[in-house]
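The structure displayed is predicted, hence computed values, not measured ones. Numbered from 1 within each chain, the chains take letters A, B, ... in sequence-line order.
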There are 4 protein chains.
Amino acid sequence: MSSTYGENLKLTIFGQSHGPAIGMTMDGVPAGLGVDLEKLQRFLNRRAPGQNDWSTPRREEDRPEILSGLTDGYTCGAPIAATIRNTNTRSGDYNNLKDCPRPGHADYTAQIKYGGFQDAAGGGHFSGRLTAPLCIAGGMCKQWLEEMGIRIGAHISIIAGNYDEHFDDLNPEFDLVKEDFPVLSNDAAAAMKDAITKARAEGDSVGGEIECAITGLPAGVGEPMFGGIESRIAQIIYGIPAVKYLEFGGGMAAAYENGSSFNDPFILENGVIRTETNNAGGILGGISNGMPVIFRVGIKPTPSIAKEQQSVSLSTGEEVTLEIKGRHDPCIVPRAVPVVEAAAAIAIYDLILGNTQTNRRKNV
Amino acid sequence: MSSTYGENLKLTIFGQSHGPAIGMTMDGVPAGLGVDLEKLQRFLNRRAPGQNDWSTPRREEDRPEILSGLTDGYTCGAPIAATIRNTNTRSGDYNNLKDCPRPGHADYTAQIKYGGFQDAAGGGHFSGRLTAPLCIAGGMCKQWLEEMGIRIGAHISIIAGNYDEHFDDLNPEFDLVKEDFPVLSNDAAAAMKDAITKARAEGDSVGGEIECAITGLPAGVGEPMFGGIESRIAQIIYGIPAVKYLEFGGGMAAAYENGSSFNDPFILENGVIRTETNNAGGILGGISNGMPVIFRVGIKPTPSIAKEQQSVSLSTGEEVTLEIKGRHDPCIVPRAVPVVEAAAAIAIYDLILGNTQTNRRKNV
Amino acid sequence: MSSTYGENLKLTIFGQSHGPAIGMTMDGVPAGLGVDLEKLQRFLNRRAPGQNDWSTPRREEDRPEILSGLTDGYTCGAPIAATIRNTNTRSGDYNNLKDCPRPGHADYTAQIKYGGFQDAAGGGHFSGRLTAPLCIAGGMCKQWLEEMGIRIGAHISIIAGNYDEHFDDLNPEFDLVKEDFPVLSNDAAAAMKDAITKARAEGDSVGGEIECAITGLPAGVGEPMFGGIESRIAQIIYGIPAVKYLEFGGGMAAAYENGSSFNDPFILENGVIRTETNNAGGILGGISNGMPVIFRVGIKPTPSIAKEQQSVSLSTGEEVTLEIKGRHDPCIVPRAVPVVEAAAAIAIYDLILGNTQTNRRKNV
Amino acid sequence: MSSTYGENLKLTIFGQSHGPAIGMTMDGVPAGLGVDLEKLQRFLNRRAPGQNDWSTPRREEDRPEILSGLTDGYTCGAPIAATIRNTNTRSGDYNNLKDCPRPGHADYTAQIKYGGFQDAAGGGHFSGRLTAPLCIAGGMCKQWLEEMGIRIGAHISIIAGNYDEHFDDLNPEFDLVKEDFPVLSNDAAAAMKDAITKARAEGDSVGGEIECAITGLPAGVGEPMFGGIESRIAQIIYGIPAVKYLEFGGGMAAAYENGSSFNDPFILENGVIRTETNNAGGILGGISNGMPVIFRVGIKPTPSIAKEQQSVSLSTGEEVTLEIKGRHDPCIVPRAVPVVEAAAAIAIYDLILGNTQTNRRKNV
């Protein structure tokens with residue numbers, strides 16, 4: 001298995017950066033679920049490149065064609081399949097990428113694993129472009145979750161060390177996220193954009209962190225152990241290129257605090273059981289407790305930079321200096337925000353489909 | 001799926017804390033692999049409770065009985081099955097746990113999900129005790145990996161904010177980890193033990209972080225996207241109770257550094273391709289690059305504390321004050337060290353079994 | 001994967017014929033389902049050996065111990081685990097089975113696959129004894145299905161060419177199956193018993209066929225293509241040793257009849273849609289149509305016979321004459337009847353757990 | 001799961017008969033495997049309609065477009081994705097199929113399961129047309145198996161009760177299968193064609209049986225129990241529409257013969273271990289024994305017939321007489337021959353990818 005995810009859904013992401021098309025198949029979706037294709041397109045546009053100053057100027061439409069699984073706007077029970085045509089197909093000489101792997105990219109490991117048969121052009125199957133079909137699948141799951149009252153939202157929480165505020169982890173308000181640059185605080189946006197602009201000017205790049213929240217998830221979703229919400233989210237989140245860390249709820253504070261401060265006391269609020277704090281990030285024993293699910297994802301700086309870097313020529317076996325041509329995104333964090341939402345939506349929808357929650361109640 | 005892990009192995013962990021036995025089945029292991037049962041026992045002893053001052057004094061032998069899959073010391077091709085009998089079986093009244101859930105535990109979510117049918121005694125299937133069968137499976141995988149020259153080691157990197165040194169990420173030396181208290185630095189050990197002792201005295205608990213390294217893993221292991229090393233390790237690591245974060249290689253630094261500093265340049269060392277730094281944590285595009293795999297796991301403070309906590313009675317619907325009786329481990333981080341190693345061993349062995357690395361080489 | 005079955009359930013069967021114990025784990029079962037252990041034991045007794053004249057006289061109790069997953073008679077959400085201790089553990093010299101494989105057994109293929117590391121004693125993991133844990137899992141699923149009004153029953157339809165009547169495929173009556181020898185017709189029973197007795201007297205064995213029916217299954221269960229009822233039943237049925245064929249509904253007649261006679265016309269019966277005939281065996285497009293599911297399973301003659309047979313010595317590379325000592329079951333078909341029921345119950349329960357049937361209705 | 005198959009491969013078949021396209025994704029294939037696209041096209045042409053007198057005259061090109069996974073004629077490690085455009089897209093009024101289900105088709109069960117949201121046009125996802133992408137996947141697997149010396153061939157063994165000879169089960173000769181009508185005997189061909197012609201003239205249809213053989217499969221492939229060759233082949237074969245039975249090796253004879261005649265004696269032939277007969281169909285304990293794998297698949301008569309049939313109107317709740325318009329294939333058995341080969345190729349290649357055969361040998 002590799003590019004296939006899901007216990008109940010079976011999602012396969014296919015394609016190479018410069019192949020004829022990229023796309024996805026998603027099997028296991030019940031019939032009768034509506035898909036608003038315009039809304040889906042707006043979601044996809046959030047990850048499209050070239051939308052603003054601090055991103056790469058190349059503009060590219062990601063218009064999916066739905067080949068299967070939708071009839072008259074509703075899922076029909078057949079696997080959903082969708083493709084996006086690549087307009088930039090294998091032009092130019094990419095053999096150099098095979099010979100002289102780019103630091104921080106999968107060029108070298110692909111060469112070793114696939115023995116030179118990999119499609120190296122534009123990073124091939126390892127390209128960030130493959131997050132577009134992930135967003136098709138996730139955008140649909142997001143719509144289906146919304147129908148159940150479950151909402152997923154994310155914002156940039158760090159870029160190049162510049163912090164945004166966190167969501168209120170007891171009550172994340174997605175409407176506070178700015179539309180043009182997905183942060184909560186305008187000051188943070190300014191500092192982050194400056195950092196990106198500076199990195200570009202220097203032929204360098206910057207990384208960051210995305211905070212994601214899930215609201216409206218009822219208690220009881222998730223399975224014990226390896227089927228817990230954290231495990232399922234983690235598997236898919238780490239499938240996004242460039243992710244280096246993932247923390248839930250209180251996260252890093254776990255290594256510093258005491259049990260008496262880290263535990264979330266149970267309280268009653270208008271007759272409903274809630275927790276007073278949310279260091280658990282909405283999850284206890286892998287299962288949702290009814291509080292917002294909160295997690296943060298660390299994204300490394302774009303590995304493609306204009307600055308000279310050191311590499312090795314696989315053919316000559318000599319160290320060489322590498323200069324990567326072309327214009328690159330000095331920071332992919334803003335475009336990764338919908339990707340994180342998509343991944344979360346797929347993980348949660350998959351868990352809900354296979355939910356083993358009992359509908360019986362024991363008399364005590 | 002819940003307590004089942006693996007794409008090629010099929011590992012199922014079963015049992016409840018106070019049921020007749022806990023155990024595991026592991027299907028998919030090839031025949032002819034030796035298992036040194038004494039070495040396995042020594043590995044299991046590393047997570048056993050009651051071995052020292054700063055842990056709970058309750059001493060409990062975790063002696064597995066192998067029911068299937070081993071003949072004359074070698075795997076025989078049948079699924080491996082092993083059990084550990086519980087000596088503390090359902091005594092006492094645990095209905096209180098169902099009525100009045102402990103903060104930070106799965107009592108509440110289990111009640112919601114299983115409708116009161118869960119085995120609440122001692123936390124049931126959510127008990128940390130279930131990491132013992134994980135260690136049986138992982139201890140075996142660790143032996144099989146060692147036969148291939150792949151070694152896995154871990155140490156405590158933080159307890160209650162007290163830092164140990166990190167492994168040298170270019171060359172982790174497992175022999176430097178102290179035997180009685182698994183850290184690299186004696187000073188760190190002293191500070192950590194003090195913190196644990198203090199927490200116990202206060203009826204409180206502390207959390208921490210474990211750093212794990214994998215050496216000898218050849219380049220080319222791991223699959224793209226959701227089958228990447230990070231994805232597969234993350235799914236199983238988050239199956240360990242109390243884990244709140246997970247970072248690979250440079251980890252958190254990703255959100256602060258530039259591409260030019262975070263990228264690992266390729267170099268030649270005695271004719272072998274290596275990277276000069278290891279912010280990638282040995283993984284590019286989900287696939288090993290031949291450098292040590294490095295990751296760190298955050299563990300929350302033990303949720304069972306002697307201090308009074310606030311909870312809610314599910315039967316009366318009123319807020320109540322909860323006092324948890326008994327002696328608890330004020331810090332489970334030391335005992336979790338072999339569990340993290342076990343989880344990593346299972347993930348890596350599973351990936352190696354299903355490795356799609358080609359044995360062909362394209363002429364360029 | 002090998003000894004693991006299920007898309008939603010994860011059932012693993014473990015053990016070797018002469019190992020310490022055989023057993024099973026079954027993950028994915030919801031909490032709150034009752035298990036009547038006495039009823040389960042009666043079900044298991046139906047496959048136990050030594051119960052009558054025409055079977056082997058060796059008597060052996062198959063008393064499972066439930067290690068996990070049941071609390072106070074109800075499933076608790078943890079994986080179910082159960083073992084049966086082997087009383088006949090590895091005594092005697094079974095190296096001969098490795099050197100001189102028995103025709104019709106897996107001795108030779110196990111030797112090739114496992115390189116001599118297999119547990120050859122009593123057939124090891126390939127022994128028919130491993131159907132006992134399958135019956136534990138299946139016996140439980142059968143009880144849970146009964147609670148939903150879904151009943152599964154089977155009878156011997158052929159032994160050594162002697163036919164029983166078929167079930168009425170529009171209305172199978174399980175009460176007509178005789179208790180001591182599971183056939184519908186007394187005449188058939190007599191002829192079959194004679195054939196078995198004769199085979200034993202000659203040091204030979206006979207095979208046969210089992211017909212199984214599932215009633216009360218509502219329309220809409222089953223998935224298209226590889227997740228269809230036939231596909232799911234077939235995978236598990238062919239996991240039973242000695243099965244050589246499997247047919248659904250009209251079965252073999254498909255190759256002889258015309259569409260106009262093989263198609264089942266839709267009719268109304270008291271306002272309910274049914275089919276007039278049931279050549280479909282209750283399944284159209286892999287999905288139940290509300291009619292009884294009907295299938296027949298062919299079982300080969302027991303390969304262990306007293307008669308001399310020809311084999312080859314793997315060590316000397318010479319042809320040898322093989323005489324199998326001990327008393328063997330001259331016909332396993334009667335004991336396989338509950339095994340077939342168990343397998344069907346597991347397949348159907350697994351499908352129901354993951355059923356993607358929509359709860360929406362489109363206005364046409 | 002539904003339209004997804006494979007333990008090591010992950011094959012998903014998507015599309016509806018009259019949707020924009022049908023296709024498949026296949027994840028898990030190693031890099032560096034050649035695909036001869038012309039050879040693949042010739043294989044696909046074998047299932048294409050309208051090629052001769054006894055089939056439907058509608059001619060339709062099934063030209064796949066490869067979207068992913070192949071670069072310069074070799075697999076590149078990315079999932080393979082291919083589509084075939086539908087030229088007949090949703091025209092006409094298929095609501096009638098929803099209201100008045102065709103006997104023998106999935107119209108009724110689809111309506112119940114998908115609540116009216118299914119794509120009923122042309123049978124939607126249940127159409128036999130979906131076997132085209134199965135043949136794309138299977139045709140590739142067949143090429144890769146051939147490279148290992150494993151060949152798969154099939155022929156029509158029965159149509160409408162007219163028998164062809166069987167393959168020599170010790171040495172199937174694929175070259176004896178006629179090209180234009182895939183049988184071994186010219187007499188059989190004549191009788192079968194007559195039966196088809198007669199059925200067409202009467203507005204009726206006929207069914208039949210296909211015999212398939214696999215040669216060159218080394219001993220040791222296949223897993224015990226549910227991962228056995230029979231189990232894996234059966235799951236995918238029953239995913240082909242219209243299959244009603246499946247038998248391996250001696251098949252039906254199992255219910256009639258004695259152990260002494262059904263067991264296959266082991267013999268030596270030029271120093272190689274073989275069996276004297278092949279009632280096992282090349283499989284013992286689910287694992288190949290080095291002899292040809294032999295199985296036969298029963299195909300029901302095409303359910304679409306011109307003759308009047310009885311059905312029920314779902315809207316009015318009244319019995320109605322149904323007349324199916326259009327020209328239909330009076331017998332799909334000839335076109336199903338390559339589909340059976342494709343299914344077998346996928347099952348075997350999947351097993352080989354995950355083969356747990358040990359490379360160690362125990363000294364006895």
Side-chain angles (χ1 to χ4, degrees), chain A residues 1-34 65-83 85-86 90 110 113-121 124-126 130, chain D residues 1-34 65-83 85-86 90 110 113-121 124-126 130:
Chain A
M1 249 59 49
S2 52
S3 305
T4 300
Y5 176 85
E7 294 291 335
N8 306 286
L9 295 174
K10 285 290 167 199
L11 169 68
T12 297
I13 304 288
F14 61 82
Q16 302 112 238
S17 182
H18 289 215
I22 57 176
M24 67 98 202
T25 56
M26 183 161 54
D27 190 16
V29 179
L33 303 176
E65 183 188 14
I66 310 291
L67 299 181
S68 171
L70 287 190
T71 305
D72 300 336
Y74 290 87
T75 58
C76 68
I80 298 169
T83 54
R85 288 276 154 185
N86 284 328
R90 315 193 73 225
K113 188 174 187 75
Y114 303 118
F117 292 99
Q118 74 277 14
D119 184 358
H125 189 56
F126 295 90
L130 274 290
Chain D
M1 251 60 48
S2 52
S3 304
T4 299
Y5 176 85
E7 294 291 336
N8 306 288
L9 295 174
K10 285 291 167 195
L11 169 68
T12 297
I13 304 287
F14 62 82
Q16 301 112 238
S17 183
H18 290 215
I22 57 176
M24 65 98 205
T25 56
M26 183 162 52
D27 190 15
V29 178
L33 304 176
E65 183 188 14
I66 311 291
L67 299 180
S68 170
L70 287 190
T71 305
D72 301 335
Y74 290 87
T75 57
C76 68
I80 298 170
T83 54
R85 287 276 154 186
N86 285 327
R90 315 194 74 224
K113 187 173 189 76
Y114 303 117
F117 291 99
Q118 74 277 16
D119 183 358
H125 189 56
F126 295 90
L130 274 289

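- Proximity to chain A (any heavy atom under 4.5 Å) is shown, for D/L33, by neither the backbone nor the side chain.
- Judged by distance alone, the side chains of D/S3 and D/T12 never bring a donor and an acceptor atom under 3.5 Å apart.
- Ranked by heavy-atom pairs under 4.5 Å with chain D, the first of A/A81, A/G77, A/S68, A/G124 is A/S68.
- Taking all atoms of both residues into account, the shortest heavy-atom contact from A/N86 to A/S17 is ND2-O, 3.2 Å.
- Between A/T25 and D/F14, the closest heavy-atom pair is CG2-CD2, 3.3 Å.
- Residue with the most contacts toward chain D among A/P79, A/A31, A/A110: A/P79 (heavy-atom pairs, distance under 4.5 Å).
- Put simply, the residue from D/D119, D/I22, D/L130 that forms a side-chain contact (heavy atoms from CB on, under 4.5 Å) with D/H125 is D/L130.
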- Query: Taking it one step at a time, do A/Q16 and D/L70 satisfy side chain to side chain contact (heavy atoms under 4.5 Å, CB included)?
  - Reply: CA-CA 10 Å; A/Q16 302 112 238; D/L70 287 190; over 6 Å; no
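- Residue contact with chain A, scored on non-hydrogen atoms closer than 4.5 Å, is absent for D/I80.
- Put simply, of A/G69, A/G32, A/G23, A/G115, the one with the most heavy-atom pairs under 4.5 Å next to chain D is A/G32.
- Between D/M24 and D/L11, the shortest heavy-atom distance links the atoms SD-CD1, 3.8 Å.
- If you measure heavy-atom distances from D/Y114 to chain A, the contacts under 4.5 Å come from both the backbone and the side chain.
- Heavy atoms of D/T83 lying under 4.5 Å from chain A belong exclusively to its side chain.
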